[in-house]
Amino acid sequence: MNINIRRVKMHQYRSHTCSQLRSSDVDSTIRLSGWVHRKRDHGGLLFIDLRDHYGLTQIVIDCDSPNFQRAEEVRAESVISIDGTVVARTDDTVNKNLPTGEIEIHVSSIEVLNHAEELPLPVFGEQDYPEDTRLKYRFLDLRRERIHKNMVLRSDVITSIRRRMTDQGFKEYQTPILTASSPEGARDFLVPSRMHPGKFYALPQAPQQFKQLLMVAGFDRYFQIAPCFRDEDARADRSPGEFYQLDMEMSFATQEDVFAAIEPVMEGIFREFSDKKVTAAPFPRITFKESMLKYGNDKPDLRNPIIIQDVTEAFRGSGFGIFAGMIEKGAVVRAVVAEGTGVRPRSFFDKMNDWARSEGFAGLGYINIKEGEAKGPIAKNIGEEKLAQLTQQLELGDNDGVFFACGKENEAAKLAGLARTKVGHDLELIKDDEFKFCWIVDFPMYEYDEEAKKLDFSHNPFSMPQGGMEALNTMDPEDILGYQYDIVCNGIELSSGAIRNHQPELMYKAFELAGYSKEVVEDKFSGMLNAFKFGAPPHGGIAPGIDRIVMLLANEPNIREVILFPMNQKAEDLMMNAPAAAENTQLRELHIRTMIPEVKEE
RNA sequence: GGGGGUGUAGCUCAGUUGGUUAGAGCGCUGCCCUGUCACGGCAGAGGUCGCGAGUUCGAGUCUCGUCACUCUCGCCA
């Protein structure tokens with residue numbers, strides 16, 4: 001058989017990939033391997049689109065060919081290897097949608113390397129499929145064009161990040177996976193110790209302590225594409241269980257040094273992997289306080305042009321009794337202007353109020369101005385003078401609508417923030433052609449925990465308080481700011497970071513204010529605290545979430561679309577069947593007995 | 001743990017005020033087809049309508065419960 005003679009000269013599986021061949025290759029004898037993407041059977045003539053990671057090539061088999069029957073029988077997604085000749089397509093059969101569309105392969109032999117059974121999930125086409133089916137047959141799902149591309153993008157992004165970091169003198173180090181609980185506030189994943197009955201390792205929620213120890217160890221500039229493990233419930237932008245961070249830390253660094261190191265990486269990768277506009281470094285710095293006022297949260301979507309205003313004074317002592325009364329008890333009023341909505345029917349405003357109630361708030365007030373005339377219960381009762389004051393402050397036009405959130409400062413800010421987002425979204429004010437970055441800075445070190453009735457850290461307890469020991473000794477703890485910052489893009493928090501507290505005395509004091517004794521601190525964080533007693537450099541860092549960055553770049557609304565093998569919302573791996581019960585012998589070795597809560601029968 | 005949405009063929013979905021034998025497209029099986037690239041044509045198989053109760057002469061449709069998936073709140077500094 002002449003085929004076998006050719007095989008001696010050629011690679012066993014392929015001479016080219018499925019995206020390589022062009023009209024310049026016409027008349028070449030080639031070998032391709034790949035998946036049967038699509039078959040078009042004309043009876044006397046059969047076309048197969050052969051697919052691999054790189055692309056598609058059209059294969060043609062004539063009914064005269066001894067391979068015809070085998071080709072006709074092979075099912076989509078089977079893996080085949082073909083030998084053949086590259087032939088130019090006639091002008092009227094060229095496919096301009098394919099890079100290889102000017103040629104096709106006339107087959108001399110076909111070998112089926114692996115038969116595919118009937119598919120639970122078609123690879124061809126763009127149709128949506130149930131999440132659980134996709135996860136169970138992830139290997140099929142991942143063959144599909146869009147998600148396959150996402151994973152390639154993810155790989156390219158990570159490569160680019162590594163290059164950009166190392167170009168700046170950062171070095172990548174690996175930190176332990178089996179370790180002790182770290183200071184993040186999430187639930188730990190625990191791993192039982194065989195050698196130490198009753199004791200457990202924790203998987204790192206982040207390499208936080210290790211990267212700080214690396215600074216103490218004098219490595220100066222560290223980074224890692226670091227896996228992080230947190231046993232918390234999932235969200236659309238939060239994978240259950242595990243995720244990846246671009247973890248970085250630098251010593252002898254100020255907050256501005258950290259910003260200057262990370263800004264070009266962010267700007268660079270977003271420009272490299274997207275056609276959208278990208279904020280040019282330096283990114284805007286917005287204080288936490290200003291962000292809460294203007295945007296109603298600490299992760300503002302700056303694409304939304306609406307800016308919230310405080311209008312407490314316009315309602316104080318006004319004829320609108322509900323708000324005036326609440327203001328006397330310390331409430332504030334925040335306004336969200338919805339330009340041009342004044343002419344909308346009353347139902348528009350009622351629906352917004354219903355929405356606010358469904359979000360758990362008391363309600364959302366409004367004024368709508370129709371051809372210069374202010375309408376609605378607030379406009380009727382507030383009084384002419386106050387109405388004029390509002391109109392002037394908010395620069396209201398003749399047909400504008402405006403919503404009011406009244407409540408305790410936190411509540412009002414939160415509702416106004418949600419309303420800002422909703423109005424921006426509903427009125428289509430948020431243009432999806434841009435990545436708008438900003439830093440949120442000056443987070444408070446502490447906040448009062450209403451449930452526990454005690455002061456607690458509002459962010460990372462290891463952050464350096466602004467003003468140092470003097471601030472801790474003299475200021476109202478709730479007024480103390482930290483060198484803590486978030487980087488935000490289009491309303492998504494990509495990361496928190498901080499300049500760390502590297503002085504033991506400051507740390508004891510900072511923890512003392514939150515109600516932790518010296519003994520507790522020493523017990524919980526002995527490794528790091530010890531290190532700070534033997535010469536620790538000032539240091540700080542940040543850890544942007546890789547999955548969220550790729551999500552933004554791939555324009556995917558769900559984080560599972562950029563993760564190869566994600567778990568479902570209940571933290572189950574449907575493909576590998578994890579978690580699973582352990583064998584008794586395993587449990588015995590680990591000195592563990594399970595206590596499974598009783599499940600209702602049937 | 002709370003709230004919302006969804007659940008009908010392998011997949012995507014339709015199914016009227018409760019009324020005979022639950023439909024379509026893709027996929028699958030068989031036959032036909034030599035220029036398609038979402039090929040086309042003919043025929044066929046495939047359904048405990050998520051599950052369990054209830055109301056009713058009669059339930060895919062109404063009620064209650066339950067399960068699964070998903071979004072969301074809590075949680076995640």
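Numbers restart at 1 for each chain; the letters A, B, ... are given by sequence-line order, proteins then strands.
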Would you say [N] has OP1 or OP2 under 4.0 Å from some side-chain N or O of [X]?
X      : N     : result
A:R89  : B:C37 : no
A:R187 : B:G74 : no
A:R40  : B:U36 : no

Contact residues, residues 61-78 of chain A to RNA chain B [heavy atom, < 4.0 Å]: A:D62, A:R75
In whole Å, what separates the [atom1] atom of [N] from that of [M]?
N     : M     : atom1 : value
B:G47 : B:G41 : C1'   : 27 Å
B:A14 : B:U8  : P     : 10 Å
B:G50 : B:C13 : P     : 14 Å
B:C76 : B:U17 : C1'   : 49 Å

Classify the side chain of A:E131 versus the base of B:U6 as yes if they form a donor-acceptor pair under 3.5 Å and no if they do not.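 When only heavy-atom distances are counted, A:E131 does not reach the base of B:U6 through any donor-acceptor pair under 3.5 Å.
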Can you find a donor-acceptor N/O pair under 3.5 angstrom joining the side chain of A:E232 to the base of B:G74?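 Under the 3.5 Å cut-off, the side chain and the base do not form any donor-acceptor pair.
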Rounded to the Å, how far apart are A:L56 CG and B:U36 C1'?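 The distance from CG of A:L56 to C1' of B:U36 comes to 14 Å, rounded to the nearest Å.
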Under 30°, 30 to 60°, or over 60°: which ring-plane class applies to A:F457 and A:F511, parallel, tilted or perpendicular? perpendicular
Is it true that A:Y483 and A:N501 share a donor-acceptor pair across their side chains at a distance under 3.5 Å? no
With centres under 5.5 Å and planes under 30°, do A:H42 and B:C39 count as stacked?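 It does: the ring sits over the base of B:C39.
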Taking for each residue the nucleotide of RNA chain B bearing the nearest heavy atom, is the 5' side occupied by A:N97 or by A:P120?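 In this pair, the answer is A:P120.
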